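Notes follow the structure.
Protein chains get the first letters and strands the later ones, always in sequence-line order, with residue 1 at the start of each. Being a predicted model, the structure only gives us computed values, none of them experimental.
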Number of protein chains: 2
Amino acid sequence: MHTIKDVAKKANVSIATVSRIVNNQSGYSEETKRKVLAAIKELNYQPNALARGLINKRTHTIGVLLPHFINAFGMELLHGIEEKAHEEGLSVIICSTDSFGAKTMKYLQVLNEKRVDGVIIIGPKLEEEYYDYVKRMAVPVVLLGTEKFDNRLPSVQVDNRAIAYSAVKHLIDKGHERIGMIAFHENGPSLRADGYRKALEDNDIIFNQERIVFSSGFAFEDGVHFFRKLMLQAPDITAAYIISDEMAVGAITAADRLGIKVPHDVSIISHDNLRVADMSIPKLTAVSLPLRRMGRTAAEKVFQMIQTGRPSESSIMQHEIVERDSVCMLAKAVRAKQPC
Amino acid sequence: MHTIKDVAKKANVSIATVSRIVNNQSGYSEETKRKVLAAIKELNYQPNALARGLINKRTHTIGVLLPHFINAFGMELLHGIEEKAHEEGLSVIICSTDSFGAKTMKYLQVLNEKRVDGVIIIGPKLEEEYYDYVKRMAVPVVLLGTEKFDNRLPSVQVDNRAIAYSAVKHLIDKGHERIGMIAFHENGPSLRADGYRKALEDNDIIFNQERIVFSSGFAFEDGVHFFRKLMLQAPDITAAYIISDEMAVGAITAADRLGIKVPHDVSIISHDNLRVADMSIPKLTAVSLPLRRMGRTAAEKVFQMIQTGRPSESSIMQHEIVERDSVCMLAKAVRAKQPC
DNA sequence: TTGTATGCGTTATCAC
DNA sequence: GTGATAACGCATACAA
């Protein structure tokens, strides 16, 4: 591994001159430039980013904290981050924290020691401990997730209440009135459950406690379990809003076992619109979240903050409904010509 | 951000002493140790990894190159890598190269400038250009993939011929004889197609060109397209070996459209055993690859190479067949009591 | 246009 | 035990 000194020697100039040329500043003749460039090429010289970082106080590296990143959801976010980050000349170090966040503090320390230029934290909530730490790190931090989990830091999120509202409204527009929901069991109030409720209210449908069920996770298994529970609890529903694609697929499996046909007997609309949504039978109608773009946006924010030194605004990303085959019209008049 | 100097000043010692204590070497009294530790805590001092790396010539960081890492397959590998790497005190920088590997050289340069301690390359093949570069980088490199794509570098792989053999053998054991396959279209000879052929041969089943079809990808869409093609080309098959879970799910969708029931009309065995395998209807019987463990193993290898300085052996990981619902017995005698 | 010298935050080699 | 001080590889203020 050659250093700037080797180049200087080979080109018969000082290291200062080499440095100038490498960082293409001004202050040298074309002649020397050629000499130096030739030496660089010949020696295969690559500047040492460590030494550079030591001086410039910038490592062109950011850290990403994501909890149990095994799932496809986080993957999409990560992909967006990585893509944008590299476009801006930033490398990304991934830190996959376990479900309990036990490793998080350790990761934060590592990132701090490595003097990353910024941090993106993916996750449902920001522990006070983490917040304190990143604050002391004094580097740009942006939060990335589906919940507005903190307002002290800039974030990229979606409006879950609006999403739930859209989803349920979509079902209502399709003629459904007895609508169930698999929500996520949270400590505080659930924005999604709120949106669900509001959509019913606005359309003069009475809310029925029995039609909402709270899951402890977002996985396939949760879907089969809680859809079953939902159907037992509220057998008369004709549609359901399920807050993750995997769960929705699980619901279809559960329905299958229960002898319920989707969408003929009950329509299903899901949340996220990951690849699986397109792979199930029937294909899932879903609320689509721009996960990739959210990742990109988060990366863009940290980059901007790094450049300007001032905090960025939070962004709320738009969602849309992608219609596929898991939801059908209910109105009898329509049903005749357009069976589902 | 405080430096070792600040700590030294606050503790009334020299930076040398602080350094000794931080790296817990010997050569100081308990008394000074306490003082220094107190100062460190109070100032919240974190050693600068850049400065350290500059001297020690180790960054405790490795780079991972993975092509279009969007898919669940790469995710599993990555997860294994990350897990093990952090256990060994290594951070991992991800570099997601596009399908054409156009960005690869750029990434390699970045990793080189950052002086990573090692590199893991995920992918189907190693371009000569990349090989030359990593060789010049003079850091441990391990290849991670499903193909033994190069033998100049240590790798972690599986035995694709054996896998295909196992899969087809499984179908044969279940009474199938007219077995189709969706293989991957490669330039060279396909190990999987070889294994398929060998399994037939060993069981006195004649190979029929029509029953094998070559896909250009591994995705869901490829599955629906090529399964359709396969069924048109060889309508008499009773089973098929499909080389990715996503494709297998696609095949089920295609079958559905064709009015073919899986596994009643045709059994399907897939490859990889990702989460989707468990989510389709019917659930997929699949050859399971220990992707997570493969990732861990790759990380372990680079770590070892970093420590010892000598190259590591290549590893071939074991596979196993996970029986679920997409394959059924064919023998008529059996069929009577065990319909599928 | 070019070179010298200093410092970035460490570790390590000497002295004391 | 402890403390100067020289590297590590580079950028830059200052001289020339």
Integer-rounded Å distance: [N] [atom2] and [X] [atom1]:
{"X": "B:Asn24", "N": "D:dG1", "atom1": "CG", "atom2": "P", "answer": "16 Å"}
{"X": "B:Lys57", "N": "C:dA12", "atom1": "NZ", "atom2": "P", "answer": "12 Å"}
{"X": "B:Lys114", "N": "D:dC10", "atom1": "NZ", "atom2": "P", "answer": "15 Å"}
{"X": "A:His2", "N": "D:dC8", "atom1": "NE2", "atom2": "C1'", "answer": "17 Å"}
{"X": "A:Lys9", "N": "D:dG9", "atom1": "NZ", "atom2": "P", "answer": "12 Å"}
{"X": "A:Arg20", "N": "D:dT12", "atom1": "CZ", "atom2": "C1'", "answer": "8 Å"}
{"X": "B:Gln46", "N": "C:dC8", "atom1": "CD", "atom2": "P", "answer": "20 Å"}
{"X": "A:Arg52", "N": "D:dT12", "atom1": "CZ", "atom2": "C1'", "answer": "14 Å"}

[N] OP1/OP2 closer than 4.0 Å to side-chain N/O of [X]:
{"X": "A:Thr17", "N": "C:dT1", "answer": "no"}
{"X": "B:Lys33", "N": "D:dG1", "answer": "no"}
{"X": "A:Asn23", "N": "D:dA11", "answer": "yes"}
{"X": "B:Thr3", "N": "C:dG9", "answer": "no"}

Counting the atoms with a prime plus P, OP1 and OP2 as sugar-phosphate, which does [X] contact under 4.0 Å by heavy atoms, base, sugar-phosphate, or nothing?
{"X": "A:Val22", "answer": "nothing"}
{"X": "A:Leu50", "answer": "nothing"}
{"X": "A:Ser19", "answer": "base"}

Exercise for the section: Select from A:Ile55 and B:Tyr28 the residue whose nearest nucleotide in DNA chain D is closer to the 5' end of that strand. Expected result: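 Nearest nucleotide further toward 5': that of B:Tyr28.
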Practice task
Map B:Leu54 and B:Ser26 onto DNA chain D by nearest heavy atom, then report which one ends up closer to the 5' terminus.
Solution key: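 Looking at the nearest nucleotide for each, B:Ser26 comes out on the 5' side.
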Exercise for the section: Please examine the side chains of A:Tyr133 and A:Gln109, heavy atoms only from C-beta on, and report whether any two atoms are closer than 4.5 Å. Expected result: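 Yes; the side chains approach each other to less than 4.5 Å.
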Handout entry: N/O donor-acceptor pair under 3.5 Å between B:Ser19 side chain and B:Ile15 backbone
Key =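 No, because the side chain of B:Ser19 does not come within donor-acceptor range (under 3.5 Å) of the backbone of B:Ile15.
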Residue [X], side-chain heavy atoms: nucleotide from [options] that is nearest:
{"X": "A:Gln25", "options": "D:dC8, D:dT12, C:dA12", "value": "D:dT12"}
{"X": "A:Ser14", "options": "D:dT2, D:dC10, C:dT4", "value": "C:dT4"}
{"X": "B:Val13", "options": "C:dT4, D:dG3, C:dT10", "value": "D:dG3"}
{"X": "A:Ile4", "options": "D:dA11, D:dC14, C:dG9", "value": "D:dA11"}

Exercise for the section: Hey, can you tell me if B:Phe184 and B:Phe218 have their rings parallel, tilted or perpendicular (30° and 60° cut-offs)? Expected result: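 Parallel, since the angle between the ring planes stays under 30°.
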Handout entry: A:Glu30, CD: over 12 other non-hydrogen atoms inside 6.0 angstrom
Key =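 No, CD of A:Glu30 has 12 or fewer neighbouring heavy atoms, counting only those of other groups under 6.0 Å.
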Practice task
Scan B:Ile122, B:Ile121, B:Leu65, B:Leu291 and name whichever one has a side-chain contact (heavy atoms from CB on, under 4.5 Å) with B:Leu144.
Solution key: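 The single option meeting the side-chain contact (heavy atoms from CB on, under 4.5 Å) with B:Leu144 is B:Ile122.
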Exercise for the section: Decide, yes or no, whether a salt bridge links A:Glu313 with A:Lys301 under the criterion of side-chain N to carboxylate O below 4.0 Å. Expected result: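 Not counted as a salt bridge, because no side-chain N and carboxylate O are separated by less than 4.0 Å.
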Exercise for the section: Report yes or no: is there a donor-acceptor pair, N or O only, under 3.5 Å between the side chain of A:Arg115 and the base of C:dG9? Expected result: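 Flag unset: no donor-acceptor pair detected.
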